Amino acid sequence: MEKILVTSALTYANGKLHIGHVAGSYLNADIFVRYQKLIGNDVIYIGGTDDYGTPISLKAEEEGVAPRIIAERYNKSIKKDLQGLNIQLDNFSGTSRPRHIKISQDFFTNLLEAGYVTKKTLKQLYDKKYKRFLADRYIEGICPYCKSDGARGDQCDNCGKLIDAINLIEPKSKISGETPIIKETTHWYLNLPKFENELREWLKIKTYWKDNVRNFIFSWLNEGLKERAITRDLDWGVPIPLENTKGKVLYVWFDAPIGYISSTQEWAENKGQPDLWKDYWLNPNTKLIHFLGKDNIPFHTIIWPSMLMKQKYPYVLPYDVPANEFLNLEGQKMSTSHNWTVWVEDYLKYFNGELLRYVLAANAPETKDSDFCWKDFQAKINNELNNILGNLANRTFIFAQKCFNGKISKPEVLSEQSQQTLNEACKIADYIGGSYNNYQVRKASRLAMDIARIGNKYFDETQPWFEVKKSKKIAEETLYVCTELLRIISIVYSPIIPKGMKKLRKMINLPGKISWKDLDKKQIKFEISEVSQLFKKIEDKEIEKQLELLKATQTVEEKIMEHG
RNA sequence: GGCGGCGUAGCUCAGCCGGUUAGAGCAUCGGAAUCAUAAUCCGAGUGUCCGGGGUUCGAGUCCCUGCGCCGCUACCA
């Protein structure tokens, strides 16, 4: 039995959960975890929200509330939306909880004492009205190179050149609209260059990592690692544990991954075994697997391992970082600021969470960006879940009830065709297991649907509706094989659509608790209980409605932009 | 600017280390069947594999180049 610790990237607590988060790091993790549980591994699934940082603090100011209120609000909202999608984390914490502060400070102290943190003084732009230093994204001005207006503090959109915010002509704070002043400040830097050799050595054996992840890492390494600031001037964050450093907090990317540990500690405490977290984090045999979107790759493959290496506790380092690419929406890049996304909360008002799980699994951005379209959503639900899988169950069970009172037994001898059909399904089931293990959710989903396709083909070819008039036995054999296929499907599809498969198993009177090993245990007798539709079709109207809603929110947004 | 990625049927995508007539699903067309959620099954077709050049007996696959899109570029989180 393997010990596996799975995490999903902490979600930033300044907004609700949207389908990009789900496709990027939650659904794939949940499916992986469910599979690992099926094959009997000891796996826990940890996550939470990233509660600190400027955007949350600004939002709090806007609303006139404490930043903690904002963070807690979205922590709750995200947790609820995840539940709505049946994404089952063992613990969902937040980085503003007390436990997290202590351990983050320890991380800082240990790195400092080990000589991997340096202190530097630098000049930054400062907004006097809002009394805060400005990150590059909050500064606008005239580009010093092409003189065009509207250049950001980090880059000019017009000429594409990188800019040092201090060189902007006529800089303006995006928060207050006023001209910022240049002010000196002190920050602590993580000395990444010092980790280079150790990192290279460690990464050498990670040949099994996904290509997109490896490419990213080596582009950083080959460019040469640079020191990176790990503190900021802000009230809302983990205070740094040094004398006379009021107003200095850890920069969010530094303390965010530590949230995986503090969340695990919270989980252990809630279980009444406060030291249980050590069984995972301090165990060299634990497979630590971080699921995340590609934007998070450098943090988890370069910075986070570096941080872990120099702690007093012998933390386990990431075993794998299966990063996903991005999900686009209707052919366009998703954008929360332009409201071009689908919020899970809104989705759940109209549709079942299972359906989204299915579609996002079948079209996950595993190796490159993929696209979510509502029409495709409808097509996948109707054609695949309903017509192929749902109808196979329906036609088999209804037939069984009409002609056999719902009771189906395995014939003493199976025809060659029946045997081949079952063998093929078992072979596919093996491939599916391998696919889940390699984070290939799209492939797993396609293969599982293939079993249903095989079932329909077999049903047609053996013509039980015709045979039943001559020999009930021959018809029964078909129903037996199809039910057995559905039993297999109910196992192999359960990581992706757990509720639907539970419903399917209930119709066949199979136990709700399943194990991957059940695949080999051929069922001799089936008793079909009450038959109902597995899934419901989606009408054109429902999709049109979603497209209208999408357009409407965007129009509102554009109007706001037009009116400044 | 630098680094990296992508561009394959109407649509969404698969094509591992280069190897016979380039694939799947959906959509389209024709047929079969009628147990079933008008659900299924069989058959058919379609592609200058972004353009151009090169390596090779042989390239969607490797190399160079052009075009287009995208990401990263370390103070977005």
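Computed from heavy atoms alone, side chains included, the values below leave out hydrogens, waters and symmetry copies. Note that the structure is predicted; figures quoted are calculated from it, not measured. Reminder, nothing fancy here: chain letters follow the sequence lines and each chain counts from 1.
- Dashed line: the shortest gap from a side-chain N or O of A/K294 to OP1 or OP2 of B/G4 is not under 4.0 Å.
- Counted by atom type alone, A/T478 and A/E467 present zero donor-acceptor pairs between their side chains at under 3.5 Å.
- Among the atoms of the strands shown, base atoms are found under 4.0 Å from some heavy atom of A/G224.
- One interatomic measurement links the two molecules: CG of A/L327 to P of B/U12, which rounds to 13 Å at whole-angstrom precision.
- Other residues, nucleotides and ligands contribute more than 12 heavy atoms inside 6.0 Å of the NZ atom of A/K194.
- Distances were taken from every side-chain heavy atom of A/L225 (C-beta onward) to each of B/A74, B/C75, B/G7; the shortest belongs to B/A74.
- Spacing of C1' atoms, B/U46 relative to B/U28, comes out at 10 Å, to the nearest Å.
- A/F372 and A/W374 have perpendicular rings, their planes meeting at more than 60° on a 0 to 90° scale where under 30° would count as parallel.
- When heavy atoms are screened at a 4.0 angstrom cut-off, A/R446 is found touching no nucleic acid atom at all.
- With hydrogens and angles left out, the side-chain atoms of A/E384 and A/Y358 include a donor and acceptor closer than 3.5 Å.
- Interface remark: the A/E384 side chain does not form any donor-acceptor pair with the B/C26 base, using a distance-only criterion of under 3.5 Å.
- Remark: the separation of the C1' atoms in B/A32 and B/G68 is 46 Å, to the nearest Å.
- Pairing for B/G60 is absent, judged as Watson-Crick or G-U wobble with the two contacts each under 3.5 Å.
- Using a 4.0 Å heavy-atom distance criterion, A/K333 is classed as a sugar-phosphate-only contact.
- The aromatic rings of A/Y52 and A/W236 sit perpendicular, their planes meeting at an angle over 60°, well past the 30° parallel limit.
- Here B/C70 is the nucleotide among B/C6, B/C70, B/C76 with the atom lying nearest to any side-chain atom of A/D369.
- Remark: B/A44 base-pairs with B/U28. Criterion, Watson-Crick or G-U wobble with two distances under 3.5 Å.
- Taking the C1' atom of each, B/C69 and B/G51 are spaced 15 Å apart, rounded to whole Å.
- Remark: A/T367 is in phosphate contact with B/A14, judged by side-chain N or O atoms under 4.0 Å from OP1 or OP2.
- Mapped onto RNA chain B by nearest heavy atom, A/A379 and A/E325 fall at different nucleotides, with A/E325 at the one closer to the 5' end.
- The 5' end of RNA chain B is approached more closely, in terms of each residue's nearest nucleotide, by A/S370 than by the other of A/D450 and A/S370.
- Between B/G7 and B/A14, the distance separating the two C1' atoms is 15 Å to the nearest Å.
- Between the C1' atoms of B/G45 and B/G10, the separation comes to 13 Å (whole Å).
- Among the atoms of the strands shown, none is found under 4.0 Å from any heavy atom of A/P298.
- Pairing for B/C3 is with B/G71, a Watson-Crick or G-U wobble pair whose two hydrogen-bonding atom distances lie under 3.5 Å.
- Nucleotides B/U8 and B/G23 are separated by 10 Å at their C1' atoms, to the nearest Å.
- Atom NZ of A/K375 is separated from atom C1' of B/A27 by 12 Å (rounded to the nearest Å).
- A donor atom on one side chain and an acceptor atom on the other are found under 3.5 Å apart for A/H187 and A/D233.
- Here B/C3 presents its C1' atom at 10 Å from CZ of A/F216, a figure rounded to the nearest Å.
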Please list, pair by pair, any protein nitrogen or oxygen found under 3.5 Å from a nitrogen or oxygen in nucleotides 35-42 of chain B.
| from | atom 1 | to | atom 2 | distance (Å) |
| --- | --- | --- | --- | --- |
| B/C35 | O3' | A/K402 | NZ | 3.3 |
| B/C35 | O2 | A/R395 | NE | 3.3 |
| B/C35 | N3 | A/R395 | NE | 3.4 |
| B/C35 | N3 | A/R395 | NH2 | 2.6 |
| B/C35 | N4 | A/R395 | NH2 | 3.0 |
| B/A36 | OP1 | A/K402 | NZ | 2.6 |
| B/A36 | O3' | A/N394 | OD1 | 3.0 |
| B/A36 | O2' | A/N391 | OD1 | 2.8 |
| B/A36 | O2' | A/N394 | OD1 | 2.7 |
| B/A36 | N1 | A/R395 | NH2 | 3.3 |
| B/A36 | N3 | A/N391 | ND2 | 3.0 |
| B/A36 | N3 | A/R395 | NE | 3.3 |
| B/U37 | O4' | A/Q533 | NE2 | 3.4 |
| B/U37 | N3 | A/N386 | OD1 | 3.2 |
| B/U37 | O4 | A/G390 | O | 3.3 |
| B/A39 | OP1 | A/K537 | NZ | 2.8 |
| B/A39 | O5' | A/K537 | NZ | 3.0 |
| B/A39 | O2' | A/N387 | O | 3.1 |
| B/A39 | O2' | A/N391 | ND2 | 2.3 |
| B/U40 | O2' | A/R395 | NH1 | 3.3 |
| B/U40 | O2' | A/D460 | OD1 | 3.0 |
| B/U40 | O2' | A/D460 | OD2 | 3.3 |
| B/U40 | O2 | A/D460 | OD2 | 3.0 |
| B/C41 | O4' | A/D460 | OD2 | 2.7 |
| B/C42 | OP1 | A/K457 | NZ | 2.8 |

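- In this structure, A/I217 places its CD1 atom 15 Å from C1' of B/G5, rounding to the nearest Å.
- Contact between the side-chain N/O atoms of A/K368 and the OP1/OP2 oxygens of B/A14 is found at a separation under 4.0 Å.
- Figure legend: cation-pi geometry between A/R487 and A/F526 absent, as NZ or CZ is not positioned both under 6.0 Å from the six-membered ring centre and within 45° of its axis.
- Only the P atoms considered, B/C76 is 49 Å distant from B/U20, to the nearest whole Å.
- A cation-pi contact links A/K472 to A/F404, judged by a cut-off of 6.0 Å to the six-membered ring centre and 45° from its axis.
- The nearest whole Å value for the distance from the CD atom in A/Q124 to the P atom in B/C75 is 10 Å.
- Spacing between B/C63 and B/C3 at atom P, rounded to whole Å, works out to 15 Å.
- In this structure, A/K380 atom NZ and B/C11 atom C1' are separated by 10 Å, rounded to whole Å.
- When the C1' atom of B/A74 is taken as reference, atom CD1 of A/I297 falls 15 Å away, rounded to whole Å.
- When Watson-Crick and G-U wobble pairs are counted only if both distances are under 3.5 Å, B/A22 pairs with no nucleotide at all.
- Distance A/Q332 CD to B/C70 P: 11 Å, rounded to the nearest Å.
- Remark: B/U55 base-pairs with no nucleotide in the shown strands. Criterion, Watson-Crick or G-U wobble with two distances under 3.5 Å.
- Figure legend: A/K183 and A/Y126 shown as a cation-pi pair, the cationic atom lying under 6.0 angstrom from the six-membered ring centre and within 45 degrees of its axis.
- Looking at heavy atoms from C-beta onward, A/Y260 lies in side-chain contact with A/H290 at the 4.5 angstrom threshold.
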